[in-house]
Structure formats: structure tokens, C-alpha cells
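Here the structure is laid out as C-alpha cells; the discussion comes afterwards.
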Number of protein chains: 2
Amino acid sequence: MGRTAQIDRSAILRTALDVADEHGLAAVTMNAVAKRLEVTAMALYRHVTDKADLLDGMVEALLTGIPTPEPGLAWNDRLTAMAGGIRAVATAHPGAFPLLLTRPAATSAALEIRESAYRALREAGLGQDAVERAERLLSTAILGFVASEAAGRFRNHGQATIDEDFAELLRWLQRVLPDPPTG
Amino acid sequence: MGRTAQIDRSAILRTALDVADEHGLAAVTMNAVAKRLEVTAMALYRHVTDKADLLDGMVEALLTGIPTPEPGLAWNDRLTAMAGGIRAVATAHPGAFPLLLTRPAATSAALEIRESAYRALREAGLGQDAVERAERLLSTAILGFVASEAAGRFRNHGQATIDEDFAELLRWLQRVLPDPPTG
DNA sequence: ACCTGAACACCGTTCAAGT
DNA sequence: ACCTGAACACCGTTCAAGT
């Protein structure tokens with residue numbers, strides 16, 4: 001009895017993200033991930049329950065990469081910072097990012113991000129129902145754009161054009177919210 | 001020589017959409033589609049070049065289901081009608097719909113839809129660059145919402161709430177465009 | 001012309017066995 | 001405790017063979 005572990009869950013998740021980013025989500029197989037870790041596919045089952053659990057773990061790892069905004073900022077700047085953080089994660093993990101749109105996350109990382117957005121929108125003066133609705137619409141608009149970018153739907157356009165598109169989207173979204181604090 | 005065909009490409013695509021909607025995209029295998037058609041998987045290769053071609057064909061079939069808006073309508077009503085048409089296709093094909101976000105389509109059906117949007121936005125008075133940017137942002141916002149809905153990201157909310165969310169999104173998007181014609 | 005059987009390399013997953 | 005080998009049912013795909 002007793003044998004020092006060669007791999008752990010977080011190493012598996014990091015490796016799976018690498019595989020997705022280099023060769024696409026379809027290339028994320030138990031075999032491919034295991035091979036990178038110099039282990040057989042069966043060894044993974046000690047650390048993830050099955051492939052669905054692997055993919056859910058990748059989602060959680062992506063969400064953990066979105067930084068919590070500086071609490072000192074005004075609410076509208078906090079929302080903008082979160083949008084930028086989401087886009088930065090998509091840029092760092094373009095292959096894995098589409099998982100966020102297909103695997104609804106109810107994990108703690110997802111809840112924390114949503115709560116940050118709720119706090120900002122409450123400070124904007126919205127009532128509770130409006131806060132929740134605005135969060136759903138803002139998050140889908142931003143996820144939709146960023147996932148489209150990651151999936152290459154804009155690949156015919158230059159980076160400068162895409163950057164300006166994103167800035168324009170943020171301006172659009174600001175315009176449907178109450179006037180921000182002047183500071 | 002000569003043997004009457006049992007299947008054709010459009011039957012394969014329809015069957016693949018059915019499988020996706022009933023059991024999810026992951027269930028769309030050559031074997032599963034073939035079995036529904038009472039044929040072996042190898043028979044499909046006479047009508048689709050490979051599985052990627054099958055998935056691209058599904059995208060094209062989904063796009064063909066989006067109706068061209070009535071030319072008599074004002075430009076803002078045409079855009080609203082297109083958004084509704086996209087959502088209707090997602091409702092009819094929730095399992096297959098996420099393909100639209102991951103497989104950028106440059107086929108004729110995709111181009112026709114984009115051209116419809118361009119025409120409406122030009123009538124709104126936007127210059128060519130603004131037209132193209134607005135089309136990218138409108139389409140990603142709408143696709144993002146509708147794909148999220150199809151993927152079940154809102155499944156904790158009632159249908160009435162989701163319907164109202166969609167209406168609110170369309171109002172947001174109207175607000176960033178020039179004032180529509182009064183009629 | 002259209003479909004099938006056999007074959008290949010590859011999936012996810014299980015379970016008993018090795019250390 | 002952790003990993004592997006062998007096994008199973010299932011992938012996508014090719015190619016020669018049947019009608």
C-alpha cells in the first residue's frame with residue numbers, strides 16, 4: 001500500500017485546457033489528456049469521475065481565471081473590468097472557452113461572478129428584478145461576442161476591428177444602464 | 001448496375017437534426033443517423049463527404065429555416081422579424097442550434113441573411129463600416145441570447161421571464177440604432 | 001449507382017491485478 | 001493508494017465486394 005501520486009485533478013484540468021487550446025475541444029479525449037501526463041487513460045478516473053466531470057472542471061477552471069474587480073472602482077467601471085476579464089480568459093483559452101456557453105455552471109466560481117455583477121447593478125439603482133434581468137442580458141451579450149471571437153466567427157476581420165467592435169459593444173451596454181457616477 | 005437510392009442528403013440532414021434535438025449534439029454519430037434511416041453508417045458516405053460535412057449541412061439547414069423578412073416592412077421591423085425568426089429556429093431545434101456559434105458559416109444561406117440585415121441597417125442611415133459593425137454586434141447579441149436559451153442556461157427561469165428578457169434585449173438593441181421611421 | 005462486411009485506429013469506461 | 005492491462009461497446013473512415 002502507499003504509492004506517491006503522479007497526477008492530481010488540477011494538473012489534469014490544466015492539461016485538458018492546453019489540449020483544447022492547441023487542438024480544439026474535440027481533441028480533448030481521456031487518452032490525449034492522459035498521454036500528455038505520461039499516464040494511461042484509466043489513471044484519470046481516480047481524479048475525475050468521468051469525462052463530463054472533466055469538462056465541468058475545465059469550466060470551473062476558466063471561471064476561476066476571471067478576476068474579481070477592484071472594490072474601490074465605480075460600479076460601471078467594475079462591470080467594464082469584468083467584461084475585460086472575461087475577454088482576457090477567452091483570449092488565453094480560445095479552444096476551451098465555448099464550453100461556457102454549452103455547460104451552464106452553478107458552481108461557486110460562477111455564483112461569485114454573478115454576485116459581483118448583481119452588486120454593481122444594485123449600486124446602479126436597479127430593483128432586484130431589473131438587476132437579475134440586466135445581469136442575464138449583459139452576460140449573454142458579452143459571452144456571445146467573446147465566444148464568437150474565440151470560435152473564429154470574426155476571423156476575416158483584423159484585430160483592430162475586433163477590438164473596436166468590443167469597445168462599441170461595451171458602449172452600447174453602458175447606454176442601456178442608468179447614468180454612471182461622475183467622478 | 002443501377003439501384004434505386006434509399007436515402008439522400010436532405011433526408012440525412014433532417015435525421016441528424018432530429019437526433020440532435022432529441023438526444024443532444026454528442027448523439028449525432030454516423031452510426032446513430034444511419035440506424036434511423038435503416039441503413040449502415042457506410043452508406044452515408046455516398047451523400048456526405050465526412051462528418052464535418054454532415055455538421056456543416058446541418059448548419060445550412062438551420063439557416064435555411066430563418067425566413068426572409070417581408071420587404072414591405074420598415075427596416076426596424078424587418079430586423080425584429082429576423083431576430084424572431086432566429087429564435088423560432090432555435091426553439092424548433094434546440095439541440096442542433098449551438099452549431100451556429102461554433103461553425104462559422106460562409107454559405108449562401110448565411111450570406112443572404114447577412115445581406116438582409118445590411119439592407120435594413122443601410123436604410124437606417126448608417127455608413128458602410130457602421131453597417132457591418134452593427135450587424136456583427138446585433139447578430140452576436142441575438143445568437144448569444146438564443147444559444148444560451150437553447151443550451152438551457154436560463155432553465156431555472158419561467159418561460160414568461162425568458163420571453164420578457166428577449167423583448168427587453170430587442171428594446172436595448174433598438175435603442176442603440178437611429179430612430180426608426182414613424183408610421 | 002448504391003449499399004454492405006470486414007477491417008483499422010481510436011473513443012469512454014469497467015474491473016481485476018500489480019506495486 | 002495509485003496506476004495498468006485486458007476487455008467491451010462504440011466511434012469515424014477506407015476499401016473491396018455484392019446487387
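Every chain is numbered from 1 and lettered A, B, ... according to where its sequence line falls, protein lines coming before strand lines.
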Report task. Indicate yes or no for a side-chain donor-acceptor contact from A/R36 to the backbone of A/A16 under 3.5 Å, with no hydrogens or angles considered. Result ->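 Answer holds: no.
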Requested in this report: Return yes if some donor-acceptor pair links the side-chain N/O of A/D21 with the main-chain N/O of A/G95 below 3.5 Å, else return no.
Outcome: yes
Report task. Would you jot down, in residue-number order, the residues of residues 5-21 of chain B having a non-hydrogen atom under 4.0 Å from DNA chain C? Result -> B/A5, B/Q6, B/I7
Nucleotide N/O of nucleotides 10-14 of chain D paired with protein N/O under 3.5 Å:
from   : atom 1 : to    : atom 2 : distance (Å)
D/dC11 : OP2    : B/N31 : ND2    : 3.1
D/dG12 : OP1    : B/M30 : N      : 3.2
D/dG12 : OP1    : B/K51 : NZ     : 3.2
D/dG12 : OP2    : B/M30 : N      : 2.8
D/dT13 : OP2    : B/Y45 : OH     : 3.0
D/dT13 : OP2    : B/K51 : N      : 2.9
D/dT13 : O5'    : B/Y45 : OH     : 3.4

Report task. Would you check if there is a donor-acceptor pair between the side chains of A/T80 and A/Q174 at a distance under 3.5 Å? Result -> yes
Requested in this report: Could you tell me whether A/E135 and A/R119 make a salt bridge, using a distance below 4.0 angstrom between a side-chain N and a carboxylate O?
Outcome: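 Salt bridge between A/E135 and A/R119, a charged N being under 4.0 Å from a carboxylate O: no.
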Query raised in the report: Reckon A/H47 has a side-chain N or O less than 4.0 Å from the OP1 or OP2 of D/dC2?
Result: no
Requested in this report: May I have the step-by-step check of side-chain contact (heavy atoms from CB on, under 4.5 Å) for B/R136 and A/R153, ending in yes or no?
Outcome: CA-CA 10 Å; B/R136 289 194 294 274; A/R153 218 164 68 85; over 6 Å; no
Requested in this report: Report yes or no: do B/Y45 and B/L37 belong to one cluster of Ile/Leu/Val/Met/Phe/Trp/Tyr joined by side chain heavy-atom distances under 4.5 Å?
Outcome: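 Looking at the clustering, B/L37 is in the same group as B/Y45.
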Query raised in the report: Are A/V28 and A/M42 in one and the same hydrophobic cluster, where Ile, Leu, Val, Met, Phe, Trp and Tyr link if side-chain heavy atoms are under 4.5 Å apart?
Result: no
Query raised in the report: So does A/Q128 have more than 12 non-hydrogen atoms from other groups sitting under 6.0 Å from CD?
Result: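 Yes.
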Report task. Assert yes or no for the condition that the ring centre distance of B/F154 to B/F166 is strictly below 6.0 Å. Result -> no
Requested in this report: Check DNA chain D for consecutive Watson-Crick or G-U pairs with both distances under 3.5 Å and list the runs of at least three as stems.
Outcome: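 DNA chain D stems, ordered by first number: C:4-8 with D:12-16, C:12-16 with D:4-8.
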Query raised in the report: Given A/K51 and A/M30, is the side-chain contact (heavy atoms from CB on, under 4.5 Å) satisfied, shown in steps?
Result: CA-CA 7 Å; A/K51 192 177 176 187; A/M30 303 299 273; 4.2 Å; yes
